[in-house]
Amino acid sequence: MTSRAMARTRTTRRPSAYILTASITAALLGLAGCAGSTAADESGDGRTLRVAVAYEPLSMDLCDSSSARNGMFMVENVGEPLVDLDFKTMELKPRLAESWKAVDPVTWQFTLRDGVTFHNGQPLTAQAVADWINRVLNPDLECWLYGSVLDDNVQKAEAVDARTVTIKTSSPDTILPRRLAFVMIGFVGSDAKQKTQTPIGTGPYQFVEYNPSADVQISRFEKYWGKPANFDKVVYPIRVESSVRSAMAAAGEVDIASMIASQDAKAHGAVNFTVGETIYFRIDTKLPPFDDLRVRRALSLAIDRKTFVQNVYGGLGEPANAIVIPQTVGYPDHVTTEYDLAGAQALLAEARADGVKTDTPFKVVGWAGMRSSNGSEVPDTIVAMLKAAGFNASTQLLENEAMRTRLGSANDPTFGPAVVLNAHGNSLGDALVSLQGKLGCKAPQSSVCDNRLDALLKKAAQASGEERAQLLSDAFSYEHDELVALVPVAYMADTIIRSDRASYEPNLASSERIDLSEVTVK
């Protein structure tokens, strides 16, 4: 069977938007390994909120705050963007900028809100905003925002006067204000070339301390320009195991437990909700045996996505056709990802007959407890499916910094050939950022550099409406047919558990960020 014959088929069917409900049967696990005070502050004033999180922070610098591993406590709380995105309506609204406009095809102008101060007492000025954005754009700093939200098409930010800042791009970028909704503005300290562990923003809460393997603490900023913070103090206990976070909520030790695994999705206080995230894996396309397109196609065909969703997430989710959800502008509704074990085996046999060493050992790299799973469930499940097809795969779990390095080091022979599992969120609602950040020639996480793909993305960046959507869809199709660098696995749902005293309604972005202004307690 030829590789062309085994290419994944297309249909005109559009998958349903994944409005999901819980359908699993799991009991609340017993309290074990939980330490700390009760959710209400020990002083009895009840003004301390506790939110259990799953991950150790990758970084405390606000230039890394678009990552789900930092967003819960940084985004919207310690840091604020120029422009805010309403995740219910997906419309932009003012935040640190009162207004914005395009003054020419490659220049956006933002007028800042008056009377805003940083947590260190310094005023928010156009120069401070320009300094911060230019810092994010420094590739040597390796900010998470650079490559995932902003890219080198954004040239520089400049202060026009005290309250007016302009941002220039090389070519037109019609969604730059929407991108900036994910860029938290921080204060540039004395050493702009080093990341900080003591972030300074303008939000309703200021950073207090980070205790590794224990918690992150923030407190009310009394001089906040907007509505006062709901709580005097917020503590984020760090507990890797979902069962522990669930038990903490059951015992009243935390008000909210985030990223809960499927076995606890029916626990008392559990709320299941859709998220804008996709589980996918990136292939080292330039390292043997993955430098052969047939081998990469075989990897995708070997993944039984329906079984994955059922076994790992208890049915909470749907098989994924792309790394963005169906509601995203540019979603390729004509592309499907199929499970075909026999087809995968045939492709490997064909490649092997041509001298490709298809039995080369490689790692399926992932985080422990990845996206509401348990331990190594996600990579272990993928490994089992790949072995069934004839691949020589094994699981490798990495800690935060090592995983971050691995994500930013595609095709590195010192690691050996690998597929790296990740969860990609696109709350932005536009596929360009996802495609550029994961597949662009200069994107830190990209394992390919393809001129045709880059040309499509550049053209899409300057387009709008149906033309933009079609160009982005075409880019997905091209990657699907000719590159196979990214293999989507599942569209995700998530679960939080609220204590009896807490009130919070999750939204599309709640797996990445919890805006504390939307949380109340009895």
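Positions are given from 1 along the sequence. As the structure is a prediction and not an experimental result, all values here were calculated from the model. Computed over heavy atoms, backbone and side chain alike; hydrogens, waters and symmetry mates excluded.
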Nearest non-hydrogen partners of Ser511 and Phe273, listed with the distance =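 Looking at all heavy atoms of both residues, the closest pair is N-CE1, 4.0 Å.
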What is the minimum heavy-atom distance between Phe207 and Ile218, and which atoms define it?
->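 Heavy atoms only, the tightest pair is CA-CG2, 4.1 Å.
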Val116 vs Arg113, side-chain contact (heavy atoms from CB on, under 4.5 Å): CA-CA, chis, key distance, verdict = CA-CA 7 Å; Val116 178; Arg113 188 181 299 276; 4.0 Å; yes
Arg95 and Glu76: CA distance, side-chain angles, deciding distance, salt bridge (charged side-chain N to carboxylate O under 4.0 Å, His left out) verdict = CA-CA 10 Å; Arg95 188 67 176 253; Glu76 308 285 355; 2.5 Å; yes
Residue list, salt bridge (charged side-chain N to carboxylate O under 4.0 Å, His left out) with Arg296, at least two apart or on another chain |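 With neighbours one apart ignored, the set is empty.
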Using distance alone, with no hydrogens and no angle criterion, decide if [X] and [Y] have a side-chain donor and acceptor under 3.5 Å apart.
X      : Y      : answer
Trp225 : Glu80  : yes
Lys168 : Thr107 : yes
Asp515 : Ser517 : yes
Thr336 : Asn321 : no

When you measure from the side chain of [X] to the backbone N and O of [Y], does any donor-acceptor pair fall under 3.5 Å?
X      : Y      : result
Arg220 : Gln206 : no
Thr196 : Thr198 : yes
Arg163 : Leu112 : yes
Asn77  : Tyr205 : no
Arg245 : Arg239 : yes
His119 : Gly203 : yes
Arg498 : Tyr504 : yes

Give, for atom [atom1] of [X] and atom [atom2] of [Y], the distance between the pair rounded to the nearest 0.5 Å.
X      : Y      : atom1 : atom2 : value
Cys441 : Leu453 : SG    : CG    : 8.0 Å
Glu158 : Thr166 : CD    : OG1   : 5.0 Å
Asp152 : Tyr146 : CG    : OH    : 4.5 Å
Leu398 : Arg404 : CG    : CZ    : 14.0 Å

Less than 4.0 Å between a side-chain N and a carboxylate O, is that true for Lys286 and Asp412?
->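 So Asp412 does not pair with Lys286 through a salt bridge.
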Taking 4.0 angstrom as the limit, do Arg135 and Asp191 come out as a salt bridge?
->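 Asp191 and Arg135: not salt-bridged.
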Kindly assign one of parallel, tilted or perpendicular to the pair His424 and Tyr280, based on the angle between their ring planes and the thresholds 30° and 60°.
->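 Ring orientation, 0 to 90° scale: perpendicular.
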Determine, stepwise, if the pair Arg50 / Asp255 fulfils salt bridge (charged side-chain N to carboxylate O under 4.0 Å, His left out).
-> CA-CA 5 Å; Arg50 287 181 168 81; Asp255 300 290; over 6 Å; no
For Gln109, does the CD atom sit with more than 12 other heavy atoms under 6.0 Å from it, leaving out its own atoms?
->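 For Gln109, atom CD is crowded (more than 12 foreign heavy atoms under 6.0 Å).
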Are any of the side-chain heavy atoms of Asp284 and Asn411 separated by less than 4.5 Å?
->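 The answer is yes, as the side chains (C-beta and beyond) meet within the 4.5 Å cut-off.
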What residues form a side chain to side chain donor-acceptor pair (under 3.5 Å) with Arg179, not counting sequence neighbours?
->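 Scan of Arg179 (side chain to side chain donor-acceptor pair (under 3.5 Å), adjacent residues dropped) gives Asp173, Gln436.
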Pairs involving residues 446-463, ordered by first then second residue, that meet side-chain hydrogen bond (donor to acceptor under 3.5 Å, both in side chains) (sequence neighbours left out) =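 Sorted pair list: Asp450-Tyr478.
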Centroid-centroid distance, Tyr331 to Phe476, less than 6.0 Å =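 Between Phe476 and Tyr331, which both carry aromatic rings, the centre distance is not below 6.0 Å.
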